[in-house]
Protein chains: 2
Amino acid sequence: MKGKEKRAKEAGDVLRELGYRLTPQRMLILAAVQASDSHISAEEIYSQVRAQYPHVNISTVYRTLDLLKGLSLVTETDLGEGRVRYHYADKGHHHHLICERCGAIIDVDENLFLPLKRTLLKDYQFNADIRHFAIFGRCTKCPR
Amino acid sequence: MKGKEKRAKEAGDVLRELGYRLTPQRMLILAAVQASDSHISAEEIYSQVRAQYPHVNISTVYRTLDLLKGLSLVTETDLGEGRVRYHYADKGHHHHLICERCGAIIDVDENLFLPLKRTLLKDYQFNADIRHFAIFGRCTKCPR
DNA sequence: GTTGCGCCTGCAAGCTATTGCAACAACCTC
DNA sequence: GAGGTTGTTGCAATAGCTTGCAGGCGCAAC
Ligand SMILES: [Mn+2]
Ligand SMILES: [Mn+2]
Ligand SMILES: [Zn+2]
Ligand SMILES: [Zn+2]
């Protein structure tokens, strides 16, 4: 069994163990997210899945992504391009700084937010789910 | 001149001074955002404006909000209800912690993010625009 | 007050994403 | 393997928001 198929199977087992049905649609959507080396959109997942399973509907893609999000198997982020992108959670967490002027995207490590997370837990009794943020602003190379 | 009209006029002057045209639509949209005591949606602004100016179109509301956002006259935030809400910037900045289980919304002061802002500027040369965040997670009263 | 430039708007079409519903099929039981 | 339960899906309608375009109107110049 190849690595990619093994990973897809494992995540599928997570669904099964939690009582969710393991449909061909779900397996293909999971595989598409896992196979993506970066951030993949619902439409991109849809066209990949449709190549192997033409009958599938885009609403199933959205519903499945919602399920996977709720189970913390994927993270979602809005990089400001008018559509949301998804990321397989096991591939590691990180955040993005997006310059509104020049469009540059700077990746930052997730532990940058640890102090904030701790403060929110200690002072506000709140467990913040900070795994894939997009923060807008201006890089210092851009004037004004 | 009443307070509300005065404020609307002042913000309008900002537009004029920057070379933007002061249309009735823009003045009414600005007034609606300023008059709101909390977070107002585009649809709510639209229906308020339409009461005085029936000819207006919803796309003008969105375009104007985009303009005001770019000029830092209003802030925008997505509280997870399927539509974005707006806030007059001069009324003060704050952030929201939203429990995904019970729906509770905890307001937090903006200076909670000052350490993070400083780190981003110092270590990543990035001026983060952190004025109206919504952070999702779980309040500690909610199990699991 | 009139004129003219060009920013702004209404309109309609389009895009991403969500939802109600009836049919379908995954999975458990026998 | 057959049958039944119920979670899941496809479909179509819908919601929120955006965009291209042609005409309208704010504003400055005279
Ligand atoms: Mn990412
Ligand atoms: Mn707020
Ligand atoms: Zn930049
Ligand atoms: Zn809660």
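Please read all numbers here as calculations on a predicted model, not as lab measurements. Order of the sequence lines fixes the chain letters, A, B, ..., with proteins taken first and strands second; residue numbering starts at 1 for each chain. Excluded from the calculations below are hydrogen atoms, water molecules and symmetry mates; all remaining heavy atoms, backbone and side chain alike, are included.
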*Given atom CD1 of A:I45 and atom P of C:dT16, what is their separation to the nearest angstrom?*
14 Å
*Which heavy atom in A:D107 sits nearest to a heavy atom in B:Y124, and how many Å separate them?*
O-CE2, 4.2 Å
*Atom-pair distance (OH on B:Y86; P on D:dG16), nearest Å*: 12 Å
*Could you state the atom-to-atom distance from OH of A:Y46 to P of C:dA17 in whole Å?*
14 Å
_Using OP1 and OP2 only, check whether a side-chain N or O of B:Y62 sits under 4.0 Å from D:dT18._
no
*Tell me: CG of A:L18 to P of C:dC27, nearest whole Å?*
14 Å
*Starting at atom CG of A:D66, determine the distance to atom P of C:dT16, rounded to an integer number of angstrom.*
18 Å
*B:M27 CE to C:dC8 P: how many Å, rounded?*
13 Å
*Candidate pair A:Y20 and A:L71, rule side chain to side chain contact (heavy atoms under 4.5 Å, CB included), full reasoning*: CA-CA 11 Å; A:Y20 297 100; A:L71 299 176; 4.0 Å; yes
*Between C:dG14 atom P and A:I58 atom CD1, what is the distance in whole Å?*
18 Å
_Interatomic distance, A:E81 CD vs D:dC17 P [rounded to whole Å]_ = 18 Å
*Going 5' to 3' along nucleotides 2-9 of chain D, which nucleotides have protein heavy atoms under 4.0 Å from the base (write B), which only from the sugar-phosphate (write S), and which from neither (write -)?*
----BBSB
_With rounding to the nearest 0.5 angstrom, report the CD to CG distance, A:E76 to A:L65._
8.5 Å
*Can you measure from NZ (B:K69) to OG1 (B:T75) and round to the nearest 0.5 angstrom?*
10.5 Å
*Roughly how far apart are B:I130 CD1 and A:F136 CZ, rounded to 0.5 Å?*
12.0 Å
*asked:* Is the phosphate of C:dA17 approached by A:R83 (side-chain N or O, under 4.0 Å from OP1 or OP2)?
replied: no
_Against B:F113, only a single residue in B:H94, B:H95, B:H93, B:H132 fulfils ring-ring contact (aromatic ring centres under 6.0 Å, His included); can you say which?_
B:H95
